[in-house]
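Below: one structure, written as structure tokens.
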Amino acid sequence: MTSSPGPGPASAAPRTPRTRKAPAERRAEILDTAAGLALTEGLERVTMQLVADRLGVRPGLISHYFPAIETLLCEAFTHAATRERTALLPPAEADLPPLRRMALFLDRVSSPAFTDLDRLWLNARHLSRYRPALREAVAAQESRTRTELTRLIQDGVTAGEFTTDDPEAACLLLLVVIDGLGSYANDTTDYTHPTLATLPRTTAEHHLGLPRGTLTP
């Protein structure tokens, strides 16, 4: 008597097919994830494995796009810093009067929403002491920020809204104040003072020849 074939060996549950993404889309996804990790947990936490875990893929896929972790770190920082600059000085506001754009910039840069970015800059500057490629990436982003802010100040001078003989010097003084306040991003104390809260605005008003309170939103 011929027996009918049995059901065969038990098989695992069918896998959900992974969506194949275009290379540019996948690369952007990896960068977004790495930049998010850098912002919330620090550049030291950006590893091939952790980025892969967050995306639900294998580490080999990450290394396919970023063969060296140093490259991923530098591009993740650059991605986050570029996004920060765009948020602080949106291209869509380029047609607004320079005075208004400066007021908006100072309002945003003092917002708690940018605290993680302050921490990222602190982190990147510290690590760049030991990582030459990251040091170059940090320097490049600092240069671009200086260029854009100096251009804004020069636009204000041209429009007759700001008064300064040296827009670049005014930019540097303002950035030193902003970076100085950002260096306290990791401080957990509750110390506050009205001078600290308004220091970027009063610095800008002083060096751009504006009456006190002009840049208050």
Side-chain angles (χ1 to χ4, degrees), residues 8-93 104-105 107-148 178-179 181-188:
S11 58
R15 293 182 179 179
T16 302
R18 186 166 34 195
T19 303
R20 182 178 291 277
K21 298 184 178 181
E25 183 183 2
R26 178 65 79 183
R27 194 177 193 281
E29 180 184 59
I30 293 170
L31 267 183
D32 275 337
T33 302
L37 281 169
L39 281 167
T40 58
E41 301 186 36
L43 283 165
E44 299 94 331
R45 288 278 289 160
V46 179
T47 64
M48 302 282 189
Q49 183 66 60
L50 190 52
V51 172
D53 290 345
R54 293 293 173 91
L55 289 174
V57 300
R58 294 182 178 180
L61 180 65
I62 311 302
S63 60
H64 171 73
Y65 288 93
F66 298 93
I69 188 61
E70 191 76 10
T71 303
L72 181 57
L73 285 177
C74 292
E75 293 207 35
F77 168 76
T78 297
H79 186 64
T82 300
R83 194 162 52 190
E84 170 202 31
R85 192 165 46 251
T86 301
L88 290 172
L89 294 166
E93 295 177 357
L104 289 170
F105 166 76
D107 188 46
R108 290 169 182 143
V109 82
S110 302
S111 167
F114 286 90
T115 300
D116 279 345
L117 282 159
D118 288 334
R119 293 191 179 107
L120 177 62
W121 274 98
L122 279 174
N123 187 204
R125 284 173 172 141
H126 171 69
L127 289 181
S128 69
R129 179 180 178 185
Y130 313 102
R131 297 174 180 263
L134 182 59
R135 185 159 61 245
E136 289 182 10
V138 169
Q141 292 307 307
E142 287 175 332
S143 176
R144 288 171 187 169
T145 298
R146 284 195 304 270
T147 297
E148 288 206 24
I178 291 170
D179 287 344
L181 291 173
S183 68
Y184 292 93
N186 293 326
D187 198 344
T188 58

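Just so we're clear, the structure is a prediction, and the values are computed from it rather than from any experiment.
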Closest non-hydrogen atom pair, His79 against Ala35: CD2-CB, 3.8 Å
Inter-residue atom distance Leu120.CG - Thr115.OG1, 0.5 Å rounding: 12.5 Å
Contact summary for Pro59 and Gln49, nearest pair of heavy atoms: CG-OE1, 3.3 Å
Within residues 36-48 or reaching into it, pairs that qualify as side-chain hydrogen bond (donor to acceptor under 3.5 Å, both in side chains) - sequence neighbours excluded: Glu41-Arg45, Glu41-Arg54, Glu44-Asn123
For Glu148, all residues meeting side-chain hydrogen bond (donor to acceptor under 3.5 Å, both in side chains), sequence neighbours excluded: none
Closest heavy-atom pair and its distance - Met48, Ile69: CE-N, 3.7 Å
CD1 on Ile178 to OG on Ser110, rounded to 0.5 Å: 7.0 Å
Closest non-hydrogen atom pair, Thr78 against Ala137: OG1-CB, 4.0 Å
Ser143 (side chain) donor-acceptor with Ala139 (main chain) under 3.5 angstrom: no
Leu61 and Leu55, any side-chain heavy atoms less than 4.5 Å apart: no
Residue pairs passing the ring-ring contact (aromatic ring centres under 6.0 Å, His included) test where at least one lies in residues 29-69, sequence neighbours excluded: none
Interatomic distance, Leu122 atom CG to Leu117 atom CG [nearest 0.5 angstrom]: 11.0 Å
Side-chain heavy atoms of Val57 within contact of Arg26, under 4.5 Å: yes
Atom pair CZ (Arg125) and CG (Asp179), whose distance is rounded to the nearest 0.5 Å: 4.5 Å
Side chain proximity check, Leu43 to Leu134, heavy atoms < 4.5 angstrom: yes
Pairs involving residues 61-71, ordered by first then second residue, that meet salt bridge (charged side-chain N to carboxylate O under 4.0 Å, His left out) (sequence neighbours left out): Glu70-Arg131
Atom pair CG (Leu88) and OG1 (Thr145), whose distance is rounded to the nearest 0.5 Å: 8.0 Å
Side chains of Leu72 and Ile30 in contact at under 4.5 Å (non-hydrogen atoms): yes
Residue pair Ala76 / Leu31: nearest heavy atoms and the distance that separates them: N-CD2, 3.7 Å
Which residues share a salt bridge (Lys or Arg N to Asp or Glu O under 4.0 Å) with Glu136, sequence neighbours left out: none
Minimum heavy-atom distance between Val46 and Ala34, given as atom pair plus value: CG2-O, 3.7 Å
Distance in Å, Arg27 CZ paired with Asp32 CG, rounded so as to fall on 0.5 Å steps: 11.5 Å
Any pair counted as ring-ring contact (aromatic ring centres under 6.0 Å, His included), so long as it reaches residues 111-143, sequence neighbours left out: Phe77-Trp121, His126-Tyr130
Residue pair Arg119 / Asp116, side-chain heavy-atom distance below 4.5 Å: yes
